[in-house]
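Numbering starts at 1 and runs along the sequence shown.
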Amino acid sequence: MEDVYLAPAILATPHCCSERIAELQALTGLDVIEQDAPKYVREQRLVLWQSPEGLALQQTGKKAPGPVIVDFVGGAVGHRRKYGGGKSQSIVKAVGIADASRPLSVLDATAGLGRDAFVLATMGSTVTMVERSPIVRALLADGLQRAASDEDAGSIVARMNLLSGHAPELMQGMIGEGRKFDVVYLDPMFPHRDKAAAVKKEMVLFQTLLGPDLDADDLLSPALALAEHRVVVKRPKRAPDLAEQEPGYRLEGKSGRFDIYPLKRF
Ligand SMILES: C[S@@+](CC[C@H](N)C(=O)[O-])C[C@H]1O[C@@H](n2cnc3c(N)ncnc32)[C@H](O)[C@@H]1O
């Protein structure tokens, strides 16, 4: 699949109030287009819009996939929260939650839509998340806010804290302050070329919105300095090692793997 860049914009729909549009504009810096704007303005765009279910990112056009909304209450993530495999989940094993006798502090330096962070928070970890894309951050913040008032998900998202910025810089600042996290977790975007890796609509949309994280290698060195016990890197199956640094060991899955850089035993 070729990476195509589609100019994103906020779509003002009749049921969304002007205060929310102004808030989204301040958060993302995007232009606003009206729903009745000429077709050439609306076609082939990525639009951020306030749907009744939550803040949504969607590609316009008849064949485009449905909206991406962060939902920690229902949907696939909510289902996984209720019926997921607990300690047997590969991310949980990779981070070492099963080995530790206490809840862990995790820095998720590439938060995205917060799915991985939510799984870790469900297992009791406190997760500090960093996301540099204002659009992705707005989607994630919206999901966290809606989940906060849910009876089950509320106590989980209370353990998740979202920071904005460029993760290597933020990590350097934290190192300077003498801070440590048990685990630093990294899942940068990789340039997907094969269909199997691009099946998830979120990932297709992410590729369109963000492209690959070409500076991903810069994440590893500060992560290794900030983590007390290990750094975990999520990679597609055949991707090269991050920063060409071989991990201590790998947990291989069907479509991807976790590279683990162990530092100190739990
Ligand atoms: C593949 S997605 C992460 C998906 C995430 N693990 C999840 O479960 O939803 C990668 C995200 O990391 C963010 N990112 C990449 N490099 C970053 C950096 N240096 N600082 C902050 N965010 C970064 C990207 O903007 C993107 O949203």
Who pairs with Glu228 by side chain to side chain donor-acceptor pair (under 3.5 Å), at least two apart in sequence or on another chain? Lys264
Over all heavy atoms of both residues, which pair between Gly54 and Gln50 is shortest? Give the atoms and the distance, please. C-NE2, 3.6 Å
Using 0.5 Å steps for rounding, measure from the CD1 atom of Ile10 to the OG1 atom of Thr28. 3.5 Å
Suppose clustering is done on Ile, Leu, Val, Met, Phe, Trp and Tyr with side-chain heavy atoms closer than 4.5 Å. Which residues sit in the same group as Ile69? none
Run the side chain to side chain contact (heavy atoms under 4.5 Å, CB included) test on Met123 and Gln89 for me, step by step, so that the C-alpha distance in whole Å, both residues' side-chain angles and the decisive distance to 0.1 Å come before the verdict. CA-CA 10 Å; Met123 298 302 298; Gln89 297 172 93; 4.3 Å; yes
Spacing of CG belonging to Leu30 relative to CD belonging to Gln25, to within rounding of 0.5 Å: 8.5 Å
Would you name the heavy atoms of Leu140 and Leu113 that are closest together and state the gap between them? CD1-O, 3.6 Å
Run the salt-bridge test on Asp142 and Arg137 with the 4.0 Å N-O cut-off and return the result as yes or no. no
Between Ala56 and Pro67, what is the shortest heavy-atom contact and its length? CB-CB, 3.8 Å
Looking at Lys237 and Arg257, what are the two nearest heavy atoms and their distance? O-NH1, 3.0 Å
Sorted by chain and number, sequence neighbours left out, salt bridge (Lys or Arg N to Asp or Glu O under 4.0 Å) with Glu23 holds for Arg20
Is any side-chain heavy atom of Pro8 less than 4.5 Å from a side-chain heavy atom of Ile135? yes
Is there side-chain contact between Leu104 and Ser125, with at least one heavy-atom pair below 4.5 Å? yes
By ring-ring contact (aromatic ring centres under 6.0 Å, His included), which residues pair with Phe266, not counting sequence neighbours? His229
Does any non-hydrogen side-chain atom of Ile260 lie less than 4.5 Å from one of Pro247? no
Salt bridge present between Asp259 and Lys234 (N-O < 4.0 angstrom): no
Looking at Asp31 and Arg45, is any side-chain nitrogen of the basic one under 4.0 Å from a carboxylate oxygen of the acidic one? no
Evaluate the side-chain proximity of Asp182 to Val106: yes if any heavy-atom separation is below 4.5 Å, no if none is. no
Provide the closest heavy-atom pair for Ala12 versus Ile21 in the form atom of the first, atom of the second, distance. CA-CD1, 3.8 Å
Asp108 side-chain N/O to Met129 backbone N/O, donor-acceptor pair under 3.5 Å: no
Side chain of Asp213, backbone of Met189: donor and acceptor closer than 3.5 Å? yes
On a heavy-atom basis, which atom in Lys180 and which in Ala225 lie closest, and how many Å separate them? NZ-O, 2.8 Å
Would you indicate whether the side-chain heavy atoms of His166 and Asp215 approach each other to under 4.5 Å? yes
Do Asp71 and Arg115 sit within salt-bridge range, that is, some charged N less than 4.0 Å from a carboxylate O? no
Kindly indicate whether the side chain of Val127, heavy atoms from C-beta on, has any atom under 4.5 Å from the side chain of Tyr185. no
Who passes side-chain contact (heavy atoms from CB on, under 4.5 Å) against Thr13, sequence neighbours left out? Leu11, His15, Cys16, Gln35, Trp49
Are any non-hydrogen side-chain atoms of Val232 and Asp187 less than 4.5 angstrom apart? no
Is there side-chain contact between Lys93 and Ile91, with at least one heavy-atom pair below 4.5 Å? no
Interatomic distance, CG@Leu57 vs CG@Leu48, rounded to 0.5 Å, equals 6.0 Å
Cationic N near anionic O, under 4.0 Å, Asp150 to Arg146: no
Distance in Å, Arg159 CZ paired with Leu120 CG, rounded so as to fall on 0.5 Å steps: 11.0 Å
Using the ring of each side chain (for Trp, its six-membered ring), is Phe72 parallel, tilted or perpendicular to Phe118, with breaks at 30° and 60°? parallel
Considering residues, nucleotides and ligands other than Glu252, do more than 12 of their heavy atoms fall under 6.0 Å from its CD? yes
Examine distances only and state if a side-chain atom of Glu34 and a backbone atom of Asp36 form a donor-acceptor pair shorter than 3.5 Å. no
Nonpolar side-chain network containing Phe181, other nodes, edges under 4.5 Å: Leu107, Val130, Leu163, Leu170, Met171, Met174, Ile175, Val184, Leu186, Leu219, Leu220, Leu224, Leu226, Val231, Val233, Leu242, Tyr261, Leu263
